[in-house]
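Below is one structure, written out as structure tokens, with a few remarks after it.
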Protein chains: 2
Amino acid sequence: MVNTLFLPELREMLAESNDSDLAEFCTALHPVRTAEFMEGLTASEAWQVLQHAEVALRAEIFSYLEEERQLEILEQEDPQRLAELVAEMPSDDRVDLIHELEDDRANEILPLLPEAERRDIMRLKSHAEETAGALMTTDFVRLSASLTVREALDDLSRQAEDHETIYYLYVVDEDHQLRGVVSGRQLIAAMGKPNTTMGELMDTDIVTVQIDEDQESVAEKVERYNLLAIPVVDEGRVLMGIITHDDVIDVLRDELTEDVQRIAAVAPLDEGYLRENILTLTWKRGIWLTVLFFAAMLTMLLLRHYDTELEKYIWLAWFIPLVISSGGNTGSQSATLVITALTSGDVKVGDWRTVAIREVMMGVLLGGSLGMIGYLFALFVAPSPYAAITIPITVLLVISSGAIAGGLLPLLFRRLELDPALMSNPFVAGIVDILGIMIYINVARIVLSGAVE
Amino acid sequence: MVNTLFLPELREMLAESNDSDLAEFCTALHPVRTAEFMEGLTASEAWQVLQHAEVALRAEIFSYLEEERQLEILEQEDPQRLAELVAEMPSDDRVDLIHELEDDRANEILPLLPEAERRDIMRLKSHAEETAGALMTTDFVRLSASLTVREALDDLSRQAEDHETIYYLYVVDEDHQLRGVVSGRQLIAAMGKPNTTMGELMDTDIVTVQIDEDQESVAEKVERYNLLAIPVVDEGRVLMGIITHDDVIDVLRDELTEDVQRIAAVAPLDEGYLRENILTLTWKRGIWLTVLFFAAMLTMLLLRHYDTELEKYIWLAWFIPLVISSGGNTGSQSATLVITALTSGDVKVGDWRTVAIREVMMGVLLGGSLGMIGYLFALFVAPSPYAAITIPITVLLVISSGAIAGGLLPLLFRRLELDPALMSNPFVAGIVDILGIMIYINVARIVLSGAVE
């Protein structure tokens with residue numbers, strides 16, 4: 001995957017300390033691409049190359065390097081120069097990075113930062129993870145309502161480069177309470193009337209998030225209102241920071257991934273699959289597997305309870321996996337469909353009747369057709385065509401109940417204000433397994449007792 | 001869920017045709033909120049209320065109504081007035097909506113649109129779904145390189161309202177080929193030097209997407225480069241449109257939902273769960289269930305093949321569901337973890353060795369501990385403590401092979417350039433079921449033959 005196209009040239013330039021070419025390399029391309037071409041370099045080589053970009057660009061290229069590489073550099077390079085770099089980084093990114101850094105190393109670098117930056121980092125670090133406070137940046141434009149369009153534009157033209165976004169200008173009063181917002185578009189549209197004040201221009205019905213609000217609801221608001229950024233306020237409506245659309249995209253990805261993992265009965269990971277500690281990972285899987293293991297134990301006890309039937313009709317045992325997995329798979333499908341529909345808002349708890357009806361219909365259709373296939377197989381192994389009927393009847397009932405259970409249990413969980421994704425597929429499957437065995441044996445009893453007479 | 005707070009007042013205003021209050025209602029709040037408060041109204045009531053907002057605002061509020069409601073209105077209201085509305089809508093949204101509309105109805109409305117809008121809709125409709133062309137909007141700012149900062153700003157201030165985003169200005173030559181891009185920030189920062197030309201200001205290393213490029217790769221680029229919008233070009237690098245960040249968020253949600261559905265062995269839905277036709281839905285589930293059903297048939301044939309063992313040691317049959325589901329659940333966990341890690345880029349095909357090692361370690365840890373629990377249960381039901389050893393050994397082996405299969409099969413699929421999510425959990429489970437039965441019976445044979453001697 002690593003892009004090695006320029007590696008030899010880069011190494012050569014470094015060897016000859018060919019400053020002009022290195023400077024050219026840093027400025028020629030989009031910073032993301034520059035970062036990509038540096039992937040093959042060692043941390044210290046990369047750091048040397050970066051020295052040829054002026055500090056703002058250096059910080060931007062740096063921000064596109066892979067996290068491991070960034071940390072390596074922060075661990076080993078000169079604290080003074082690193083402090084300059086960190087001071088230039090977007091306030092939200094640098095906090096996340098410092099979170100990852102060894103404490104004593106962080107304590108070497110932080111004191112070298114300008115007072116303001118240092119306090120900013122401390123403040124942001126204090127917010128709980130996965131809250132608005134932890135996501136927000138403090139690089140945003142704060143204006144007073146009395147400012148005119150002309151003044152605002154002058155203001156912006158001076159500081160446009162220092163802010164993560166200048167596309168929303170936030171109007172605050174003397175105690176920094178949020179009063180309104182002016183979009184860059186409104187400002188430019190109003191250039192014709194340069195003496196209009198921000199107070200006249202601003203929208204006052206603003207969508208905000210609380211500083212301790214969960215990141216999921218932050219993403220939801222930004223998505224619903226199609227915002228480029230959303231302001232973060234405290235209880236006193238004081239403007240603390242903003243969250244920009246790119247961070248929201250990351251949140252969305254994380255939240256959906258967590259759902260998928262819950263659906264598969266894994267407690268959500270904090271790190272990537274490869275970075276997560278192997279014991280933690282085992283634990284996050286083990287807790288659920290154990291629960292499901294005990295569920296499976298019940299099927300064992302059930303079968304043991306019915307062992308007279310099994311001994312008499314051993315061929316019934318051959319179909320156990322078939323019965324179990326048909327029900328389980330159908331249940332997983334229904335659960336996943338309903339869970340994803342709940343997350344995307346397609347289905348609400350109030351729709352449970354509709355869901356039930358749809359799942360019954362699908363259960364009967366699927367169970368009926370698969371039952372028929374099952375019957376054909378059963379004909380070959382069952383003692384009589386009549387006895388073979390046990391299989392299609394069971395398959396029909398098991399698949400139908402799998403569909404209903406899978407469809408309704410997530411809704412029940414949502415109703416109980418639990419995370420529907422907790423009603424994970426294997427969990428549904430576990431319940432359906434037990435149900436399936438009971439159905440199977442009882443159908444067999446009835447059918448076969450009939451056969452005996 | 002519907003917000004009924006203002007319904008009585010709204011209905012009263014309509015009854016008294018209290019135009020001033022209705023106009024006030026339309027303008028007072030953020031359009032999203034206005035739309036929410038109208039949810040409870042009938043389509044025609046909503047339409048009446050909308051008449052009190054000037055057409056641009058009307059289009060915006062309309063765009064936030066639920067799709068069903070929008071379609072109702074388009075089906076039943078006066079074509080002429082609807083045409084005015086459609087003409088004001090963002091070009092990408094209105095095309096999606098017209099896609100949903102009955103053809104003959106669409107043919108009533110479209111002719112009433114201004115020539116330019118009508119051609120624009122036709123052009124956009126022509127692109128395949130899930131491609132850049134189908135996502136893009138044609139409301140964007142096109143400038144020539146010779147334009148100065150002052151001219152550009154004047155230009156913008158005149159048309160700021162007509163464009164979906166003015167935060168990127170695209171510089172094109174006389175044949176509309178894309179030459180560069182100037183960000184709103186750069187433009188404002190350059191206000192100090194009003195005679196600089198766009199040509200001097202623009203970035204020329206631009207990230208673009210091809211008009212037929214898949215929406216997934218569009219989202220990937222926007223996410224990676226933190227863009228607010230990405231330009232769409234044809235083979236000749238002619239600028240056709242742009243895709244904005246809010247559409248990218250929708251794509252991201254769709255793509256991840258599709259993955260989840262594939263993981264649960266459902267062919268991805270085109271509509272929401274409730275809107276999808278019940279037979280289509282059954283089919284999308286049935287194809288996979290059938291595949292898995294036949295896989296389960298193999299376990300039946302296997303067990304039948306080993307029936308002498310089963311007859312001799314009937315207690316083995318009691319543990320079949322336990323063996324099956326332990327393997328299946330572990331497999332699902334591993335598959336999901338690796339599939340999500342692939343999507344988020346944490347894991348690459350090249351990491352297969354690391355994945356294998358991690359899965360083996362986890363498999364042994366999980367299988368070992370659950371095996372011990374299993375042994376305790378087996379002690380009670382197995383004829384001898386020695387015979388009971390069959391269970392822990394099987395559990396250990398089945399869980400380990402489940403982990404390995406689940407971890408590596410998605411990587412294999414990616415390697416074969418198939419969608420890893422196709423290696424869905426139930427599919428992995430199906431394979432592991434068969435594997436599990438073979439392991440189980442053979443372990444039993446070896447252990448119990450030992451018992452006999």
Side-chain angles (χ1 to χ4, degrees), chain A residues 1 29-30 32 156-157 160 166-167 184-185 188-189 191-192 205 223 225-226 245-246 249 256-257 260 264 266 272-273 278 282 285-286 289 292-293 296 299-300 303-304 310-311 314 317-322 324-325 329 332-333 336-337 340-341 346-348 361-362 365-366 370 377 426 433, chain B residues 1 29-30 32 156-157 160 166-167 184-185 188-189 191-192 205 223 225-226 245-246 249 256-257 260 264 266 272-273 278 282 285-286 289 292-293 296-297 299-300 303-304 310-311 314 317-322 324-325 329 332-333 336-337 340-341 346-348 361-362 365-366 370 426 433:
Chain A
M1 300 306 171
L29 303 164
H30 187 296
V32 177
L156 274 187
S157 62
I166 59 162
Y167 301 131
R185 158 183 292 175
I188 289 181
M191 276 174 58
D205 179 48
E223 193 177 352
Y225 292 86
N226 292 344
H245 66 101
D246 49 322
I249 288 187
L256 286 166
T257 309
V260 186
V266 182
Y273 170 81
I278 190 96
T282 311
R285 299 173 59 162
L289 277 184
L292 300 167
F293 195 77
T299 61
M300 184 273 281
L303 285 169
R304 186 183 177 205
L310 276 182
E311 299 228 29
I314 188 65
W318 306 338
F319 285 92
I320 291 174
L322 183 81
I324 295 277
S325 57
N329 293 334
S332 308
Q333 288 184 329
T336 307
L337 285 171
T340 48
D346 286 346
V347 168
K348 300 185 181 46
M361 288 170 64
M362 285 190 276
L365 283 168
L366 293 167
L370 289 177
F377 279 82
D433 286 356
Chain B
M1 303 307 166
L29 304 164
H30 187 296
V32 177
L156 274 188
S157 62
I166 60 162
Y167 301 130
R185 158 183 294 175
I188 289 181
M191 278 174 54
D205 180 46
E223 194 179 351
Y225 292 86
N226 293 342
H245 65 102
D246 50 321
I249 288 185
L256 286 166
T257 309
V260 186
V266 182
Y273 170 81
I278 191 93
T282 311
R285 299 173 60 161
L289 276 185
L292 300 167
F293 195 78
M297 280 301 177
T299 62
M300 185 272 282
L303 285 168
R304 186 186 178 203
L310 275 183
E311 302 229 27
I314 188 68
W318 308 337
F319 286 92
I320 291 174
L322 184 82
I324 295 277
S325 57
N329 293 334
S332 306
Q333 288 185 329
T336 306
L337 285 170
T340 48
D346 285 346
V347 168
K348 301 187 181 47
M361 288 171 65
M362 285 190 275
L365 284 167
L366 293 167
L370 289 178
D433 285 356

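Small disclaimer: the values here were computed from a predicted structure and weren't measured.
With a threshold of 4.5 angstrom between heavy atoms, Thr282(A) approaches chain B through its backbone and through its side chain. Contacts between Asn329(B) and chain A at a heavy-atom distance below 4.5 Å involve backbone atoms as well as side-chain atoms. Contacts between Leu256(A) and chain B at a heavy-atom distance below 4.5 Å involve the side chain alone, from C-beta outward. Residue Ile314(B) touches chain A through its side chain alone, counting heavy-atom pairs closer than 4.5 Å. In this structure, chain A has heavy atoms under 4.5 Å from both the backbone and the side chain of Met362(B). Contacts between Ile324(A) and chain B at a heavy-atom distance below 4.5 Å involve the side chain alone, from C-beta outward. Contact of Ile320(A) with chain B is made through the side chain alone, with heavy-atom distances under 4.5 Å. Heavy atoms closer than 4.5 Å to chain A are found in both the backbone and the side chain of Leu310(B).
Highest contact tally toward chain A, considering only Thr257(B), Thr340(B), Leu337(B), Asp346(B), is held by Leu337(B) [criterion: heavy-atom pairs under 4.5 Å]. Taking Glu311(B), Glu223(B), Met191(B), Gln333(B) one by one and counting their heavy-atom pairs under 4.5 Å with chain A, the maximum is reached by Gln333(B). When Val347(A), Leu289(A), Leu29(A), Val260(A) are compared by the number of non-hydrogen pairs under 4.5 Å with chain B, Leu289(A) comes out ahead.
The minimum heavy-atom distance linking Leu322(B) with Ala296(A) is given by the pair CD1-CB, 3.3 Å. Closest approach of Tyr273(A) to Ala341(B), counting heavy atoms only: CB-CB, 3.8 Å.
Ring geometry for His30(A) versus Tyr225(B): interplanar angle over 60°, hence perpendicular rather than tilted (30 to 60°).
Separating the CE atom in Met300(A) from the CH2 atom in Trp318(B) is a distance of 8.5 Å, to the nearest 0.5 Å. Atoms CG and NE2, from Asn226(B) and His245(A) in turn, are 7.0 Å apart once rounded to the nearest 0.5 Å.
Under the 4.5 Å side-chain criterion, counting only non-hydrogen atoms from C-beta, Pro321(A) is not in contact with Asp433(B).
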